[in-house]
S.K.: 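Just passing along the structure, written as C-alpha cells.
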Amino acid sequence: TMTIARAPQTITFNVLASRTYGNEMPYLLFATPSSGLTATYSSSNPAVATVTGDQVKIASAGTTTITAYQGGDNNHLPAVPVQRPFTVEKAAAWVSLTGIEGPSTYNGKPRVAGTVTSPAGLTVSVTYNGVGTPPVNAGIYAVMATVQDANYEGSSAATMTIEKVPQNITFPALAFTTEGDRPFPLPATSSSGLPATYEISDPTVAVINGSTVVIKGAGAATITAYQTGDDNYLPAEPVQQVLIVRGQQPRIVVLPVEN
C-alpha cells in the first residue's frame, strides 16, 4: 500500500494599511497560500467592514480583524488562519463657529455660539473656557467646537468677548436743611441697579453713614455719589450735589413786664 500524505501549507498575509471612512476606492486583500490555492476571508466586526470575495467594504470608522483562511483540498492540509488588524480612520469634517463675531455687551443672558458643519448636520460640542455652559458675565472666553460623530472628526477655535456695560448715576439736587434736622437718606441711584457710595467734602457740616446723612453743623459741603462697577458694569461718572445746612434761627422769648 502506498500512502501519499497531504502537504501542509501556510498563508502569507501582509499587514493591512488603514483606510479613511468615505473612501470608496476598492480595498483588495492579497493573502497568498503557499499551495497556490485561493484564500478566503472574514471580518470580526461587520459594523466596521465586511468582506466579499477578496474585497473589503467599509461600513464605519473603527477597528476590525480580517482573517485569511485556506481550508485545503485533496492534496493540501488546511492552513493555519492568519489575522491582521484593519483600522478605518474617521474622515475630516469642517466645522465653523457662528454668532460670536465681534464683541457683545453684557445683558444678563447666556451668549451661545452656533455651529455649521460639512457634512451638514453633524453633532458638535461647544465649550467656553473648557466648560459646556454658555457664559453670561463679561469677559473673554476661549470657545472650542468639536465634532462628536462616529465617522467624522474636526474642531474649530475662536474667541468670544462680552464687554462690560456703561452705567450712569442719577443724583437729584438736595433740599436745604437746618441744624438739628433729623438724618435723611441720599437719593442717588445707578442705571445698573448697583448701590451708590458717597463722600462728603466737609465732615463738620455732615457725615454720611452708608447712604444716610447726619447733620453736624451749619455750612455747605459737596456730596459726591460714586458707583465703581463690578464684573459686568463699568464705573459710573461721579455726580456731585451741594448740601446746604442753615443755622438755627435765634429763639425770641417775650417775658411779661411786672407792674
S.K.: Please give me the minimum heavy-atom distance between Val95 and Gly154, naming the atom from each residue.
M.R.: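 Minimum heavy-atom contact is CG1-C, 4.0 Å.
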
S.K.: Are side-chain N/O atoms of Thr50 and Ser43 paired as donor and acceptor at under 3.5 Å?
M.R.: no

S.K.: Between Val213 and Leu243, is any pair of side-chain heavy atoms under 4.5 Å apart?
M.R.: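 They are in side-chain contact.
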
S.K.: Is the backbone N or O of Ala49 less than 3.5 Å from a side-chain atom of Thr64, with the two atoms forming a donor-acceptor pair by type?
M.R.: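 No.
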
S.K.: Without swapping roles, check the side chain of Arg19 against the backbone of Met25 for a donor-acceptor pair under 3.5 Å.
M.R.: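 Yes: the side chain of Arg19 pairs with the backbone of Met25.
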
S.K.: Any chance you could measure Tyr106, atom OH, to Asp230, atom CG, to the nearest 0.5 Å?
M.R.: 7.5 Å

S.K.: Taking atom types as modelled, is there a side-chain donor on Gln227 or Ser190 under 3.5 Å from an acceptor on the other?
M.R.: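 Judged by distance alone, the side chains do not pair up.
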
S.K.: Please check if the side chain of Ser118 supplies one atom and the backbone of Ala120 the other of a donor-acceptor pair under 3.5 Å.
M.R.: no

S.K.: Rounded to the nearest 0.5 Å, what separation is found between the CG atom of Asn232 and the OG1 atom of Thr105?
M.R.: 11.0 Å

S.K.: Under a single-linkage definition using a 4.5 Å side-chain heavy-atom cutoff for Ile, Leu, Val, Met, Phe, Trp and Tyr, are Ile215 and Ile223 assigned to the same hydrophobic cluster?
M.R.: yes

S.K.: Any donor-acceptor pair under 3.5 Å linking the side chain of Asp202 with the backbone of Ala221?
M.R.: no

S.K.: Just checking, is any N or O donor in the side chain of Ser125 or Gln148 under 3.5 Å from an acceptor N or O on the other one?
M.R.: yes

S.K.: With distance as the sole test, does Ser155 use its side chain to make a donor-acceptor pair with the main-chain N or O of Thr146 at under 3.5 Å?
M.R.: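 The answer is no, because no donor-acceptor pair under 3.5 Å joins these two groups.
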
S.K.: Nearest 0.5 Å please: distance from the NE2 atom of His76 over to the CD atom of Gln9.
M.R.: 6.0 Å

S.K.: Taking atom types as modelled, find out whether Asp231 and Asn137 have a side-chain donor-acceptor pair closer than 3.5 angstrom.
M.R.: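 Checked: Asp231/Asn137 side chains show no N/O donor-acceptor pair below 3.5 Å.
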
S.K.: Determine the minimum heavy-atom distance between Leu186 and Ile208, stating which atoms define it.
M.R.: CD1-CD1, 4.0 Å

S.K.: Measure the shortest side-chain to side-chain distance between Thr117 and Val124 over non-hydrogen atoms and say whether it is less than 4.5 angstrom.
M.R.: yes

S.K.: Let's go through Phe30 and Asn14 carefully: what are the C-alpha distance in whole Å and the side-chain angles of both, what is the deciding distance for side chain to side chain contact (heavy atoms under 4.5 Å, CB included) to 0.1 Å, and is it a yes or a no?
M.R.: CA-CA 8 Å; Phe30 293 100; Asn14 292 335; over 6 Å; no

S.K.: Kindly compute the distance separating CG (Leu29) from CZ (Arg84), expressed to the nearest 0.5 Å.
M.R.: 11.5 Å

S.K.: Can you measure from CD1 (Ile100) to OG1 (Thr159) and round to the nearest 0.5 angstrom?
M.R.: 7.5 Å

S.K.: Is it true that Tyr41 and Thr67 share a donor-acceptor pair across their side chains at a distance under 3.5 Å?
M.R.: no

S.K.: Under 3.5 Å, is there a donor-acceptor pair linking the side chains of Thr32 and Thr12?
M.R.: no

S.K.: Please determine, by modelled atom types, if Glu199 and Tyr226 share a side-chain donor-acceptor pair under 3.5 angstrom.
M.R.: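 Checked: Glu199/Tyr226 side chains pair up, N/O donor to acceptor below 3.5 Å.
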
S.K.: For Asp149 and Leu122, indicate whether the former's side chain and the latter's backbone hold a donor-acceptor pair under 3.5 Å.
M.R.: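 Such a contact is absent between Asp149 side chain and Leu122 backbone.
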
S.K.: Show the nearest heavy-atom pair for residues Ala17 and Tyr27, with the distance to one decimal.
M.R.: O-OH, 2.9 Å

S.K.: Is any side-chain heavy atom of Asn151 closer than 4.5 Å to a side-chain heavy atom of Lys90?
M.R.: no

S.K.: Rounded at 0.5 Å granularity, tell me how far CD in Gln70 sits from OG in Ser34.
M.R.: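 Gln70 atom CD to Ser34 atom OG measures 9.0 Å (nearest 0.5 Å).
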
S.K.: Is any side-chain heavy atom of Val126 closer than 4.5 Å to a side-chain heavy atom of Thr115?
M.R.: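 Yes; the side chains approach each other to less than 4.5 Å.
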
S.K.: Quick check: closest heavy atoms across Ile169 and Ala236, and the distance to 0.1 Å?
M.R.: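 Nearest heavy atoms, Ile169 then Ala236: CG1-CB, 3.7 Å.
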
S.K.: Between Tyr128 and Arg111, which heavy-atom pair has the shortest distance, and what is it?
M.R.: CE2-O, 4.0 Å

S.K.: So does Val245 get a backbone contact from the side chain of Glu179, meaning a donor-acceptor N/O pair under 3.5 Å?
M.R.: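 No; judged by distance alone, with no hydrogens or angles, the pair does not exist.
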
S.K.: Looking only at side chains, do Thr224 and Gln240 share a donor and an acceptor under 3.5 Å apart?
M.R.: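 Side chains of Thr224 and Gln240: pair found under 3.5 Å.
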
S.K.: Stepwise, does the side-chain hydrogen bond (donor to acceptor under 3.5 Å, both in side chains) test hold for Tyr21 with Ser60?
M.R.: CA-CA 6 Å; Tyr21 177 79; Ser60 68; over 6 Å; no

S.K.: Can you check whether Thr212's main-chain N or O pairs, donor with acceptor, with Asn209's side chain at less than 3.5 Å?
M.R.: no

S.K.: Kindly work out whether a path of hydrophobic side-chain contacts (I/L/V/M/F/W/Y, heavy atoms less than 4.5 Å apart) joins Val136 to Tyr233.
M.R.: yes

S.K.: Tell me whether Tyr141 contacts the main-chain N or O of Ile162 through its side chain, where contact means a donor paired with an acceptor under 3.5 Å.
M.R.: no

S.K.: For Leu194, is there any backbone N or O sitting under 3.5 Å from a side-chain donor or acceptor partner on Ser192?
M.R.: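 Such a contact is found between Ser192 side chain and Leu194 backbone.
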
S.K.: How far apart are the closest heavy atoms of Ala68 and Phe13, and which atoms are they?
M.R.: CB-CD2, 3.5 Å

